[in-house]
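All heavy atoms count here, side chains included; hydrogens, waters and symmetry mates do not. In what follows, chains are A, B, ... by sequence order, proteins preceding strands, each numbered from 1.
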Amino acid sequence: MKKDFHFTLTDRLPGTHARAGVIHTPHGDIETPAFIPVGTQATLKALVPEQLAAVGAQAMLANAYHLYLRPGSEIIDQAGGLHAFMNWEKPTFTDSGGFQVMSLGVGFKKVIDMSGDVAEKPLAKKDKLAWIDDDGVTFKSHLNGSQHRFNPEVSMKIQHELGADIIFAFDELTTLHHSYDYQVESLDRRTHPWAVRSLEAHQQLTQERADKPYQALYGVVQGANYEDLRRKSSRFLADLDFDGFGLGGALTKENIGEIVGWMSEELPEDKPRHMLGISEPDDIFDCIENGADTFDCVSPARVGRNGALYLPTGRVNITNRRFRDDFTPLNADCDCYTCQNYTRAYLHHLFKAGEMLASTLATIHNQRFIVKLVDDIRASIKDGSFFDFKQEFLATYYHKDAL
RNA sequence: UCCGACGUAGCUCAAUGGUGGAGCAAGAAGCUGUUAACUUCGAGGUUGCUGGUUCGAGUCCAGCCGUCGGAG
């Protein structure tokens with residue numbers, strides 16, 4: 001099959017790893033840097049695809065774990081793939097299920113933070129829903145407790161049935177709470193061998209399903225916040241025939257840019273780099289400056305549904321009492337449907353009343369805010385104003401006395 | 001007018017005579033490859049009023065006030 005995927009670099013920011021480019025997929029192009037909203041279960045919660053497109057989303061990311069459990073990846077295969085199933089014609093990504101190895105296992109019912117200084121009490125074995133070994137992971141469904149097994153081959157089969165344009169190798173997402181020795185063992189015994197197995201299974205499936213659109217496979221770099229491990233993991237994956245790379249796992253927020261920089265120095269220039277699960281504005285700036293091309297994250301959607309909305313002056317809880325009689329637009333300078341048509345008082349009311357429209361309007365705004373932020377960063381790389389834009393945005397965003 | 005029941009947090013209700021609690025509402029915080037329209041936290045009280053019994057009363061007794069129901 002003809003490989004219908006490539007990455008074109010168009011601009012670089014001198015003195016940094018930052019770059020702009022275009023990812024070409026069978027379902028269209030993605031101008032990078034770009035933020036990719038997450039629709040875990042083949043829907044971005046609270047939005048119809050037209051609303052997601054209107055927000056400026058160039059692509060969407062779904063999750064192999066959730067769609068495997070329900071409705072089943074074979075159902076989506078029968079439907080003609082993710083795009084046809086969910087009525088989304090633009091590019092799609094799927095995550096491998098690797099995140100659930102962590103979130104249902106060591107991370108079950110815990111917050112895996114990026115500060116690295118939280119000593120959580122160890123989880124009792126019976127409380128976990130996932131158990132990892134060197135071949136893969138056995139886990140219990142969070143839906144009904146039924147037992148399943150994922151390994152690289154299973155994840156690749158599922159992701160091929162789902163049919164996203166960009167898919168990820170099955171990896172082990174370690175946390176900052178794991179020891180250095182564990183991080184080494186995780187790379188050598190699981191994430192790296194699994195990357196090789198994912199690639200082999202992917203190539204086999206690509207041949208078997210030659211009538212389907214080409215799917216690009218990204219290898220996933222791990223190594224927590226250790227420079228030697230991040231470089232080693234990057235070099236290992238760089239030597240394999242991946243179409244791009246996911247930069248994953250445990251990253252200390254304090255030096256996230258530095259960590260991304262280590263990986264960018266080891267990875268090939270001509271392949272795209274995707275930051276898994278990052279969306280805070282300061283993190284986005286740091287990652288792009290150090291070579292990241294695309295991002296996905298549930299945070300803008302989730303915090304929005306819970307009433308936290310992005311403003312240029314920082315995030316606010318619209319449920320706060322002070323918004324009860326604030327009849328100004330959420331953000332007069334925002335071009336999203338919500339800000340163009342509704343007041344803070346109305347949004348406050350919808351949340352307090354528990355109305356579904358609250359989620360929709362909040363999601364539209366938050367997605368637009370982050371998508372546009374990354375779009376603006378892309379423009380600033382192209383015209384050379386990146387550092388001015390970064391300084392101005394972050395100074396305003398993190399000193400929230402203006403509201 | 002008489003009889004009866006009931007008065008506890010903003011609301012609905014708990015509390016063998018032994019340090020008055022919960023849910024919801026209201027207030028606030030958190031959320032970074034979604035088990036999340038979620039989670040967490042604090043605040044909120046002269047137990048209708050006045051007396052009495054008791055070591056000790058939201059609880060028992062009396063009166064008053066109020067609400068509801070029934071009878072006239």
Asks: When you check the phosphate oxygens OP1 and OP2 of rA37(B), does a side-chain N or O of R302(A) lie under 4.0 Å from one of them?
Replies: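 Answer no for this pair, as no side-chain N or O of R302(A) is under 4.0 Å from OP1 or OP2.
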Asks: Would you mind classifying the nucleic acid contact of S103(A) as base, sugar-phosphate or nothing, using non-hydrogen atoms under 4.0 angstrom?
Replies: sugar-phosphate
Asks: Measure from NZ on K352(A) to P on rA37(B) and round the result to the nearest Å.
Replies: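 It works out to 18 Å between those atoms.
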Asks: Check every strand shown and say whether R321(A) touches a base, only sugar-phosphate, or nothing at a heavy-atom separation below 4.0 Å.
Replies: sugar-phosphate
Asks: With a 4.0 Å cutoff (strictly under), does any side-chain N or O of N317(A) reach OP1 or OP2 of rA29(B)?
Replies: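 Checking rA29(B) against N317(A), a side-chain N or O does come within under 4.0 Å of OP1 or OP2.
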Asks: Any side-chain N or O of Q41(A) below 4.0 angstrom from OP1/OP2 of rU34(B)?
Replies: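 No, Q41(A) has no side-chain N/O under 4.0 Å of OP1/OP2 on rU34(B).
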Asks: Between D171(A) and G354(A), who's closer to the 5' end of RNA chain B by nearest nucleotide?
Replies: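 It is D171(A) whose nearest nucleotide is closer to the 5' end.
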Asks: Under 4.0 Å from OP1 or OP2 of rU34(B): is there any side-chain N or O of N63(A) that close?
Replies: yes
Asks: Mind checking if A301(A) touches a base, just sugar-phosphate, or nothing, with heavy atoms under 4.0 Å?
Replies: base
Asks: Quick one: stems for RNA chain B, with Watson-Crick or G-U pairs under 3.5 Å, at least three in a row?
Replies: B:1-7 with B:65-71, B:10-13 with B:21-24, B:27-30 with B:38-41, B:48-52 with B:60-64
Asks: Which of these nucleotides, rG27(B), rG33(B), rA29(B), is closest to any side-chain atom of V298(A)?
Replies: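 From the listed options, rG33(B) comes nearest.
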Asks: May I ask you to evaluate whether T40(A) reaches the phosphate of rU34(B), defined as a side-chain N or O under 4.0 Å from OP1 or OP2?
Replies: yes
Asks: Rounded to the nearest 0.5 Å, what separates atom CD1 in I166(A) from atom CG in L61(A)?
Replies: 9.5 Å
Asks: Take the protein atom CE of M114(A) and the nucleotide atom P of rG33(B), then report the distance between them rounded to whole Å.
Replies: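 After rounding, the reported distance stands at 10 Å.
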Asks: Should the pair F393(A) and F369(A) be assigned to parallel (<30°), tilted (30 to 60°) or perpendicular (>60°) ring geometry?
Replies: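 Answer is tilted, since the angle falls between 30° and 60°.
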Asks: Students often mix this up, so state it plainly: with edges at 30° and 60°, are the rings of F389(A) and F285(A) parallel, tilted or perpendicular?
Replies: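 Ring orientation, 0 to 90° scale: tilted.
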Asks: Identify whether any heavy atom of D296(A) sits under 4.0 Å from a base atom; if not, whether one sits that close to sugar-phosphate; answer base, sugar-phosphate or nothing.
Replies: sugar-phosphate
Asks: Look at the side chain of Q159(A) against the base of rG33(B) and say whether a donor-acceptor pair falls under 3.5 Å; ignore hydrogens and angles.
Replies: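 Result: no qualifying N/O pair found.
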Asks: When you measure from the side chain of Q215(A) to the backbone N and O of A164(A), does any donor-acceptor pair fall under 3.5 Å?
Replies: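 Yes; judged by distance alone, with no hydrogens or angles, the pair exists.
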Asks: According to a strict under-4.0 Å criterion, is K45(A) in side-chain N/O contact with OP1 or OP2 of rC38(B)?
Replies: no
Asks: NA contact type, A358(A), heavy-atom cut-off 4.0 Å: base, sugar-phosphate, or nothing?
Replies: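 Touches nothing.
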Asks: So, under a plain 3.5 Å distance rule, would you say the side chain of K253(A) forms a donor-acceptor pair with the base of rU32(B)?
Replies: yes
Asks: Return whichever of L173(A) or S359(A) has its heavy-atom-nearest nucleotide of RNA chain B closer to the 5' end.
Replies: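 It is L173(A), whose closest nucleotide lies nearer the 5' terminus.
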Asks: Answer with yes or no whether D283(A) presents, from its side chain, a donor or acceptor under 3.5 Å of a partner atom in the base of rU32(B).
Replies: yes
Asks: Given D171(A), which of H192(A), Q222(A), R190(A) fulfils the side-chain hydrogen bond (donor to acceptor under 3.5 Å, both in side chains) condition?
Replies: Q222(A)
